[in-house]
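One structure below.
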Amino acid sequence: MTDQSFAPPVSPTPASTPTPTVTDARAGFWIRFGASFVDGIIVGIPALVLEAALKGVGSGLALLLGIVYYSAFEGGETGQTFGKRACGIRVVDASTGGPIGYARGFLRYIGRIVSSIPIFLGYFWMLWDPNKQTWHDKIANSVVVPDDRG
């Protein structure tokens, strides 16, 4: 006869319990604002220098600088600009949680311009959107999440 009082208890796990995914958590407004502020300084200072030094073509080069910066970093493997890295957030695909790629990084940058035109309404949109998406997130099918990769 065996004594089963020493057997570890088994807790049943219901099959309907959803497994959390990387895209469940969303970065809030203020942390995203902080990241944008840092990125604005990083891109803005060189843009001002270019505009001051090259009066005729400075604006075009400043725009190109912003396109390259955001497309490369947000579209890259980490999905992080320097500001996002400093704030511990990143951009991911809304469906898969993976990188969005350079083309969608570019599309997201163009969406930033669209988001800012009507007195930044596209940025504030995340305050009442259930997925905390801005217009440029929606345009690129992306979300901004906490960076839990350490």
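FYI, side chains are in, hydrogens and waters are out, and symmetry mates aren't considered; it's all heavy atoms of this structure.
- Here Ile67 pairs with Leu63, Ser71, Phe106, Tyr109 under the side-chain contact (heavy atoms from CB on, under 4.5 Å) rule; sequence neighbours left out.
- A centroid separation of 6.0 Å or more is found between the aromatic rings of Phe124 and Phe120.
- Residue Leu50 is not grouped with residue Tyr69 when hydrophobic side chains (ILVMFWY) are merged at heavy-atom distances under 4.5 angstrom, including chains of intermediate members.
- Considering only heavy atoms from C-beta on, Phe73 stays 4.5 Å or farther from Asp39 through its side chain.
- Scanning all heavy atoms of the two residues, the minimum distance from Val143 to Ala94 falls at CG1-CB, 4.0 Å.
- Nearest heavy-atom pair, Ala62 versus Ala47, reported as atom, atom and distance to 0.1 Å: CB-CB, 3.5 Å.
- Among all heavy-atom pairs drawn from Gly28 and Ile31, the shortest one is O-CG2, 3.3 Å.
- Counting heavy atoms from C-beta on, the side chains of Pro118 and Trp135 come closer than 4.5 Å.
- Sorted by first and then second residue, the salt bridge (charged side-chain N to carboxylate O under 4.0 Å, His left out) pairs involving residues 99-117 (not counting sequence neighbours) are Glu74-Arg108, Glu74-Arg112, Asp93-Arg104, Arg108-Asp137.
- The side-chain contact (heavy atoms from CB on, under 4.5 Å) test applied to Leu48 returns no partner, not counting sequence neighbours.
- Both Ile110 and Val43 are assigned to one and the same hydrophobic cluster, defined by single-linkage of ILVMFWY side chains at heavy-atom distances under 4.5 Å.
- Rounding to the nearest 0.5 angstrom, the gap separating the NZ atom in Lys84 from the OH atom in Tyr70 is 6.5 Å.
- Taking the six-membered ring where the residue is Trp, Phe33 and Trp30 present perpendicular rings, their angle passing 60° and hence far from 30°.
- The CD1 atom of Ile100 lies 8.5 Å from the CG atom of Leu107; values are rounded to the nearest 0.5 Å.
- Nearest heavy-atom pair across Ala72 and Tyr102 is O-CE2, 3.4 Å.
- Pairs of residues two or more places apart, or lying in two chains, that qualify as salt bridge (charged side-chain N to carboxylate O under 4.0 Å, His left out) and include a residue from residues 115-130 are Asp129-Lys138.
- Atoms OG1 and CG, from Thr134 and Leu127 in turn, are 10.5 Å apart once rounded to the nearest 0.5 Å.
- Annotation for Ile119: atom CD1 does not count as buried by contact number, only 12 or fewer foreign heavy atoms lying within 6.0 Å.
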Candidate pair Arg90 and Asp148, rule salt bridge (Lys or Arg N to Asp or Glu O under 4.0 Å), full reasoning
CA-CA 9 Å; Arg90 63 192 173 108; Asp148 58 354; 3.8 Å; yes
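- Cluster membership check: Val49 does not share its hydrophobic cluster with Leu64, using side-chain heavy-atom separations under 4.5 Å among Ile, Leu, Val, Met, Phe, Trp and Tyr.
- Heavy atoms only, all atoms of each residue included: Ala27 and Pro146 are closest at N-CD, 4.0 Å.
- By the 4.5 Å heavy-atom criterion applied to side chains, Met126 and Val144 are not counted as neighbours.
- The nearest pair of heavy atoms linking Gly83 to Val38 is CA-CG1, 3.7 Å.
- Judged purely by atom type and a 3.5 angstrom limit, Ser142 has no side-chain atom pairing as donor or acceptor with the backbone of Val91.
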Check: residues 51-60 side-chain donor-acceptor pairs under 3.5 Å, at least two apart:
none

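- Qualifying salt bridge (Lys or Arg N to Asp or Glu O under 4.0 Å) partners for Lys132, counting only residues two or more places apart in sequence or in other chains: none.
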